[in-house]
Amino acid sequence: MSAGRLSVIRQYEPHEIEEKWQAVWDAEGLYSVTEDSSRPKKYVLEMFPYPSGDIHMGHVRNYSIGDVIARYFTMRGMNVLHPIGWDSFGLPAENAAIKSDSHPATWTYANIEKQAASFRRMGFSYDWDRRLASSDEEYYRWGQWIFVKFWERGLVERKSSPVNWCPSCKTVLANEQVINDGVCWRCKSIVEKRELEQWYFKITEYAQELLDDLDALPGWPERVKAMQANWIGRSEGAEVEFTLCDEAGQPTAEKITVFTTRPDTLFGCTFFLLAPEHPLVHELVHDTVFAGPVSDVIDRAAKETSIDRSSTERDRNGAFTGRYVINPVNGEKVPVWVADYVLMEYGTGAVMAVPCGDQRDFEFARKYGLPIPPVVVPKDDPLYERLKDETERVVSDVDWESAHADEGIMVQSGSFTGTPTGKHGEGVTRVIAWLEERGHGRASINFRLRDWLISRQRYWGNPIPAIHCPVCGLVPVPVEQLPVVLPMDVDVTKGETLADHPEFYTTTCPECGGAARRETDTMDTFTCSSWYYLRYCDARNDDAIWEKDKADYWMPVDQYIGGIEHAILHLLYSRFFTKVFRDMGLVEFAEPFTNLLTQGMVKLDGHTMSKSRGNVVAPELMIERYGADALRAYILFMAPPDKDLEWSQEGLEGMYRFLSRVWRYVAQTAEASPLGETDPGEGAQALRRERHRVVGKVEEDIERFQFNTALSAVMELLNTATDYRRAASQEQRDVALEREVAETLVLLLAPYVPHMAEELWREVLGHDGSVHRESWPSWDAAAAAAEEIEVVVQVNGKVRARLIVAADAPEESVREAALISPKVIEHIAGKTVRKVVIVPGKLVSIVAT
RNA sequence: GCCCGGGUGGCGGAACAGGCAGACGCGUCGGUCUCAAAAACCGAUGAUGGAAACAUCGUGCGGGUUCGAUUCCCGCCCCGGGCACCA
């Protein structure tokens, strides 16, 4: 094209420009921000990375999404905070140190530098002044401060209970960190149960609010909210107290409380169950003939892994303890059994068994020959007619195949007989009222959520600031003595932890001054990531965790971007921290992340890229070949951000080709004589319309995160522009319009391909300032609208003709034009037109029979 | 079992809010340029039939609503994810 042109147009060479602009932006401080009350703020944040080594495609995708959003908001006139840091405590550093015979810190900080360099090469618009690493003393000291403050608020607890132990990581794990039926979230080993004394954050105190406030997060994916709601697992029901009897059946002073969602079925409780781990079990059977069989059940349960325990079709085992409890509703003596399907972790570890209404109890009753008296029957069951007026128990067994857990009518249930009932039925309310009046129970809510186990028996983490004093007990390290510095002379290659370092743990009690021992466990790394987004607001503050005004200016995060794998880990913990901070008066809001985008995975051949599978495509290699800009644009072009995508090298080449075409178009436009006449022709008008339409489209698409279709629209604009240039003669070209189109292309692409856009803007188009300080191009809906439009004509639902009509043509004339078009006449020949539907500006639908 | 997603050409994907299914890109095929190739550019590309005009079919399956359904409703199938012996 443009044959005979004398000057040589520069080609698109990403490597000649990318590093150059990265250095310029740094020097100009382009992405440093401060609070500015005159402009609306936006806080755009991607989940900070673990410094695992080289960056991978998942990073490229995550951070490219955030970068486009941040740059777009900046162009829209917002004051945008877009920080980066590293989640740099954690086990992989210890493992790597052992392998390479070095120190976790060496490995960690080397990786941080490596990743930071990669992020710079990608051209991400971070405010590097706010950079942080959670393993820095200036950071983790505030994590310890949080621990002490939580302690003051009664949110820290040290207790003994059955916990998850990962034999490979050699540490305990929180419930949230045990995934897929009992494997460690990090190393995928099968987790064991151990009874250990550990540190907890009392997240359960916030269970209700964590659940309720999900409704206040319309900007979160439904999927994530559903997962959190599931995890919190709220159940409504009642606590019921059963009095324990002695061997002779005489009531004792001891009461055992159970939680049930179906207090309306109390009359059908024919046995009572305790979890094998229940503290009372041993005492009940001690020195009796029942001790042997009960121990068998306990031993068997203890040997099972969580995998066995959760397998569905599983035999239920139990043993009678020889003891009884009294059913409060009818005074009946009910045998107490130990059963392996009762979980110590849920409710009180004791269950009232109602075999007619619960499938597990039903199966257990059948196996051990226990009675199954029906107490809730559906009206269509033959038992209903027989029992509908029976208040006393006359039937003690059913011929059912399974338990009846659905709605029905209460029978054999004393004064409640005849009451309709079910999960939320009238019977439930009435029985609860009855129990409350007599002091046998109360309405109650139970949560599946457990307290957050935060102690870890590993070196490379934030030391728990607590002291064990033989006199004063557990004492927090006073805040003015913080931080408890993690010593660097621990040799993890020899398997050492803080517990092997007397220099570390030997101390004095801050209360009594006596000899004491420092806590040697470190905190779960998820405690570090639960508040980093707040620290970015005031990252260099040495006097306070953050200045409240700064946090209140920037927070909450307007757009958070990260992987779905944190749906109930990091995202739940961070919500909890934020609510506590609010109660402490540190912030004014209750939720940290207003909008959440969970990006999909990057796959190759249908599998996630992984070193072990050997299907990793290295981003660095792609940058070398095609430049960071093409990589950024391409990873966004492949699919909407929340969907998984399949990597394709050919596709990346296509993106590079597109960028080269943009480059050529802009370069040729910049060279063209600006003296061209204004071209009133249809081609120029169409191009002008397309320019306006595309700006509007790209704007709309970015705002709903459809980066793929936004880029498609830019491609369409380029296609229209090159078509126009080819079709228009040299003399008639509207060079001013082409210049406008070229600048528009550069501005629209600036968030995606920041280096190329900058080079074209400053060096090729000759502007003084950075394209990244420019405003988003304006557009006008009227200018985007065509004067003439194509209207489709359907006859009986099939497209038979197309009409070109004026955009403002009245319906009646469109109707006439449709009915007289030759194709339509052909298809309605011999038929009667029954109906004509006109959709303005779109189509005419003719019904003829 | 319960709760979320999803199913559209050879491939990635598009279709705002019931209105031309397949935008845009990849791949493939054909062409221009070239001694030749690469690059670049131009054109074709859902399936079937046809030389073509065109016709019929087509968004997981079966129904329904509607002038008109990828879109709404009912009933299924398949795939992915979460929870699950939770009382």
Side-chain angles (χ1 to χ4, degrees), chain A residues 1 11 179-181 221-235 237 258-262 265 273 275 309-316 339-343 345-354 357-361 363-364 405 446-449 564-565 567-568 634 637-640 642-655 657-658 660-661 664 697 700-701 704 706 708-716 718-719 722-723 726 790-802 823 834-848:
Chain A
M1 61 163 41
Q11 294 299 301
I179 56 168
N180 297 341
D181 288 337
E222 281 308 317
R223 185 154 71 119
V224 174
K225 289 192 280 186
M227 282 164 74
Q228 290 211 356
N230 251 339
W231 186 260
I232 294 167
R234 183 183 193 272
S235 304
V258 298
F259 173 78
T260 176
T261 55
R262 294 297 301 274
T265 63
L273 301 172
R309 200 148 177 165
S310 64
S311 73
T312 28
E313 288 311 311
R314 187 169 154 273
D315 205 24
R316 306 181 198 293
D340 62 359
Y341 68 95
V342 178
L343 306 173
E345 303 93 85
Y346 187 77
T348 60
V351 172
M352 59 174 240
V354 182
D358 182 286
Q359 186 57 26
R360 295 156 299 174
D361 298 342
E363 288 167 20
F364 192 82
N446 203 44
F447 291 94
R448 208 189 72 94
L449 181 71
I564 187 77
E565 68 274 15
I568 40 185
Y634 180 57
F637 177 67
M638 290 168 94
D642 53 331
K643 286 178 102 182
D644 288 354
L645 62 77
E646 178 71 29
W647 179 258
S648 146
Q649 179 93 13
E650 292 75 26
L652 177 57
E653 282 167 26
M655 180 55 69
R657 266 201 299 273
F658 165 69
S660 302
R661 286 181 62 213
R664 271 199 307 278
K697 168 81 174 155
E700 186 190 311
D701 284 353
R704 57 188 184 117
Q706 300 285 315
N708 53 336
T709 50
L711 281 164
S712 295
V714 179
M715 290 173 178
E716 284 168 340
L718 179 67
N719 289 346
T722 50
D723 285 350
R726 190 163 358 97
E790 192 183 72
V791 169
V792 169
V793 185
Q794 295 183 343
V795 178
N796 292 336
K798 290 203 169 96
V799 179
R800 297 300 183 185
R802 290 157 195 282
K823 271 282 167 193
R834 303 283 176 194
K835 192 173 180 179
V836 179
V837 179
I838 297 176
V839 180
K842 283 197 171 141
L843 98 173
V844 179
S845 181
I846 299 164
V847 188

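Each chain gets a letter, A, B and so on, in the order the sequences are listed, and its residues count up from 1.
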- Can you tell me how far P of rG81(B) sits from CD1 of Ile564(A), to the nearest Å? 12 Å
- Query: Contact class for Gly233(A) (heavy atom, under 4.0 Å): base, sugar-phosphate, or nothing?
  - Reply: nothing
- Task: Could you check how far CD of Glu222(A) sits from P of rG80(B), rounded to whole Å?
- Result: 23 Å
- Task: Name the orientation of the base relative to the sugar in rG82(B): syn if the glycosidic angle is within 90° of 0, else anti.
- Result: anti
- Item | Under-4.0 Å side-chain N/O to phosphate OP1/OP2 contact, Arg657(A) with rA39(B) | no
- Message: Nearest 0.5 angstrom please: Trp647(A) CH2 to Tyr634(A) OH, how far?
- Response: 6.5 Å
- Item | Watson-Crick/G-U partner (both atom distances under 3.5 Å) of rA21(B) | none
- Item | OP1 or OP2 of rC86(B) under 4.0 Å from side-chain N/O of Asn230(A) | no
- Of rA55(B), rC26(B), rG82(B), the nucleotide closest to the side chain of Arg800(A) is rA55(B)
- Check ion pair Lys225(A)-Glu222(A) (N to O, under 4.0 angstrom): yes
- Distance, P atom - from rC20(B) to rA15(B), rounded to whole angstrom: 13 Å
- Leu718(A) has an atom CG; how far is it from atom C1' of rA23(B), in whole Å? 16 Å
- Message: Side-chain N or O of Arg223(A) versus OP1/OP2 of rG6(B): is the shortest distance under 4.0 Å?
- Response: no
- Query: Considering only the P atoms, how many Å lie between rU28(B) and rG75(B), rounded to the nearest integer?
  - Reply: 46 Å
- Message: If we count only N and O atoms by modelled type, under 3.5 Å, do the side chains of Arg834(A) and Asn796(A) hold a donor and an acceptor together?
- Response: no
- Message: Suppose you measure atom P in rC29(B) against the same atom in rC78(B); what distance do you get, rounded to whole Å?
- Response: 39 Å
- Message: Suppose you measure atom C1' in rU70(B) against the same atom in rG13(B); what distance do you get, rounded to whole Å?
- Response: 14 Å
- Specify the separation, in whole Å, of atom CD1 of Ile838(A) and atom P of rG68(B). 17 Å
- Query: Quick one: Asp358(A) CG to rG1(B) C1', roughly how many Å, whole number?
  - Reply: 13 Å
- Query: What does Asn446(A) touch in the nucleic acid at a heavy-atom separation under 4.0 angstrom: a base, only the sugar-phosphate, or nothing?
  - Reply: nothing
- Item | C1' gap between rG46(B) and rC11(B), integer Å | 13 Å
- Note on the structure: On RNA chain B, more 5' by nearest nucleotide between Lys823(A) and Leu711(A) is Leu711(A)
- Query: With rounding to whole Å, what would you report as the distance between rC74(B) and rC26(B) at their P atoms?
  - Reply: 41 Å
- Check whether any side-chain N or O of Gln706(A) sits under 3.5 Å from a backbone N or O of Pro640(A) as a donor-acceptor pair, and report yes or no. no
- Integer angstrom distance from the P of rC57(B) to that of rG6(B): 30 Å
- What is the distance from CE of Met352(A) to P of rA87(B), rounded to the nearest Å? 12 Å
- Query: Considering only rC67(B), rA87(B), rG27(B), which nucleotide approaches the side chain of Val847(A) most closely?
  - Reply: rC67(B)
- Message: Within the 4.0 Å limit for protein heavy atoms, which parts of nucleotides 7-20 of chain B are touched? Write it as a string from 5' to 3', B for base, S for sugar-phosphate only, - for none.
- Response: -----BSSSB--BB
- Return the value, rounded to whole Å, for the distance between atom CD of Gln359(A) and atom P of rC86(B). 11 Å
- Task: Return yes if some donor-acceptor pair links the side-chain N/O of Arg262(A) with the main-chain N/O of Ala405(A) below 3.5 Å, else return no.
- Result: yes
- Task: Whole angstrom is fine here: how far is it from CD in Glu653(A) over to C1' in rC26(B)?
- Result: 10 Å
- Task: Provide the distance between the two C1' atoms, one in rA47(B) and one in rU59(B), to the nearest whole Å.
- Result: 14 Å
